[in-house]
Amino acid sequence: MTQTVQTDQRLKGRTAHTPHIGPHHGHKWLEEFHHAGAAAFEKIGWPSADDEQWRYINITPITQTSFRPAAGPGSAGRGELAGVSLAGRGFYELVFVDGYFSPELSEIGDLARLIEFQCFHDASGDRTDRIRRYLGHELPAMSNGFAALNTAGFSDGIFLYLPAGVAVQKPIHILWFTTRHARPTVVFPRCLISACSGSQATIIQSFASLESDHPPLTNAATEVICGRDSRLELIKLEREAPHAFHVANEAVHVHAGAKFQSLTFNAGALLVRNNMTVHLAEPFGEATLNGLTISSGNQRVDNHTTLDHAAENCPSHELYKSLLAGNATGVFRGKILVRPDAQKTDSKQTSKTMLLSDDAVMNSQPQLEIYANDVKCTHGSTTGPIDEEQLFYLQSRGVSAARARSLLTYAFAGDVLNRIIHPEVRETLSTLTSECLHQLHIESVES
Amino acid sequence: MALLEVDNLSARVQGRDILKGINLTINPGEVHAIMGPNGSGKSTLASVLAGRDNYEVTGGSVQFNGKDILEMSPDERACEGLFLAFQYPVEIPGVSTSYFLKAAVNAIRKYRGEPELDAMDFLKLIKEKMKLLEMDQSFMNRSINEGFSGGEKKRNEIFQMTVLDPKLCILDETDSGLDIDALKIVSQGVNALRNPTRGILVVTHYQRLLNYIVPDFVHVLRDGRIIKSGDKSLALELEAKGYGWLENAA
């Protein structure tokens, strides 16, 4: 099924990688789409250290490993998914195993009555037209090498189409699950969401994998279109095995009056790079980007966000928080671009890090580019250990040091979690946070 | 037995000697005021008694209820019945006052070997005390001191003190930043705590607070030492003549 294209020898040195071409199942448009991705990669290659956006991350463990795409879905049953499935909470669940949709493992319920959801492979007629209209628009293959490789290589993808005015009450969980492989394996999750005008939903994408001798690479791409006055909450859960590599590109287009809110929750993998780009294209669109990272050991998490204010009267809010233990390294780089027409922009960016060890490191960088004159942009960043004054205050009332520490740690994370719109998702992630903190030997705080 | 027995206590902060031999005895039922100019060591004394980090005790001893508390952690001291009302109460976003106070009440009850309070009993306890300090219910659901005005913060300190029912209350410049109405409410809360078994130590720069919380004893602290002790009239005298009067006399 998998084909390869011959890389131009002159470019070998730069790319040193032959893009994998994903299966197209007889769809000509898909075949062309994949090939366009491969061509893009041959032009731009891997991101290099010269590129300002990639300066702080060492991707050689990825570029120097010969990852192969999964030949098909590996074996996974409900047992393997037990720890990461959210179907038990009553969420809709669409499960992909090694990049291939698994109807057996999915819990679709009445979702098909509310929205259209469609794997690219099975699409036909109108649905193909819709996919083709949107796919690759918000995230062109030329965005960066990883986006190009995803475009070339995805085995399948999911398209969620929320018709105008539809409000989906239960969260939709898309679970991308990687099984155990006998060699370094790459999976290319691809997700396309179109929320038509006035629609409303909470969508979660989880990334999880089984531990194996060979670290897997997940190279994910998500494109979202928020139609007029739509309300979309998009949550990304990174929960892959401790040695996994993960790169995700998310690109969002916000139309007039729409409200988009994200949460990027990082609790897994060895190396994580998130690129989140939001294009506020029309007046009165609103974007809220939140992040919560809980890292330990030698984990490294890079969160890069770009808020592109292209229209007037758009507020944006960003709150990225990190709890770093062990030798963990965190990066937050938040770009706010205010174009000349984006008057009355109101943008606030905050990055806060709590260091739980002396060896953890955080690098936080705002990047403001403002070309309009009537705007309000603020940014702030704090990094440090638990506040000694707060600790003493709690202790002076009789609370033990250990309890006070956990109270403050939970409160730090809770500040982000409390902003989750969907109450059941908020509860789910609070539980997950407790599990993560428990692993860092921070005692749980019952409410 | 004295409630608090401070014997020749000296302490250092960041290499600087601040307390240079403090002697102070507080018996059950007594209210003591420590007055002194800025930098005399008043707040350092309060902090050292409560066990704040970064304060190095270089000599002397402190017995509280007959126990040496200098080796105890701040939370152990609190469980023993010592309470410090902060000069600058700390804001703690994300921790609700009600959650925190329940944790504190139960930590202290557990230490004393008493059964922990359930949610109902706890609610009953705090409602009663809130009335005393004219506090709004919504207060309990807010994060500790977050966005509170200066007056609200101080009132919250006295409220917590009332709920935790300590044996010794230390008020560190509780009057600073209070308008006259808030001062009255706070003083009323403190006075309601006066009883034959409890000790109160009021640390203040100004005599004003002592019009409302009338002390049994007044001590003047200067350059890390108590240079004069007397009854409440000493505070009035200080107010009239200023700290310079004692400096010249010393």
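Note: hydrogens, waters and symmetry copies are ignored here, and every other heavy atom, side chains too, is used. Numbers restart at 1 for each chain; the letters A, B, ... are given by sequence-line order, proteins then strands. Because the structure is a prediction, the values reported are computed rather than measured.
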*Taking A:Leu391, A:Leu394, A:Asn418 one by one, which has the highest count of heavy-atom pairs under 4.5 Å against chain B?*
A:Leu394
*How far does CD of B:Glu157 sit from OH of A:Tyr393, to the nearest 0.5 angstrom?*
3.5 Å
*Is it true that atom CG of A:Asp358 has more than 12 heavy atoms of other residues, nucleotides or ligands lying nearer than 6.0 Å?*
no
*To the nearest 0.5 Å, what is the distance between CG (B:Asp75) and CZ (A:Arg403)?*
12.0 Å
_Contact origin within B:Arg52 toward chain A - heavy atom pairs under 4.5 Å_ = both
*Heavy-atom count around A:Lys352 NZ within 6.0 Å, excluding the residue itself: above 12?*
no
_Please check if the number of heavy atoms outside A:Lys348 that lie under 6.0 Å from its NZ is greater than 12._
no
_Top contributor to chain A interface from B:Gly94, B:Pro166, B:Ala107, B:Ser96 [non-hydrogen pairs under 4.5 Å]_ = B:Gly94
_Part of B:Ile92 within contact of chain A (heavy atom distance under 4.5 Å)_ = both
*Residue selection (most heavy-atom pairs with chain B, distance under 4.5 Å) from A:Leu407, A:Asp387, A:Asp415*: A:Leu407
_Which atoms of B:Glu76 approach chain A - backbone, side chain, both or neither, heavy atom under 4.5 Å_ = neither
*Is the number of heavy atoms from other residues, nucleotides or ligands under 6.0 Å of B:Arg16 CZ greater than 12?*
no
*OH of B:Tyr88: more than 12 outside heavy atoms within 6.0 angstrom?*
no
*Which atoms form the tightest heavy-atom contact between A:Gly398 and B:Cys79, and what is the distance?*
O-SG, 3.8 Å
_Can you confirm whether A:Lys170 is buried at NZ, in the sense that more than 12 heavy atoms of other residues, nucleotides or ligands lie under 6.0 Å from that atom?_
yes
_Under 4.5 Å from any heavy atom of chain A, what part of B:Ile144 do you find: side chain, backbone, both or neither?_
side chain
*Do the non-hydrogen side-chain atoms of A:Phe392 and B:Val90 ever get within less than 4.5 Å of each other?*
no
_B:Ala78 to A:Gln395 - nearest heavy-atom pair and separation_ = CB-O, 3.9 Å
_Side chain / backbone / both / neither for A:Gln390 at chain B, heavy atoms under 4.5 Å_ = both
*For A:Ala411 and B:Pro93, work out which heavy atoms get closest and say how close.*
CB-O, 3.6 Å
_Backbone N/O of B:Leu84 and side chain of A:Arg397: donor-acceptor pair under 3.5 Å_ = yes
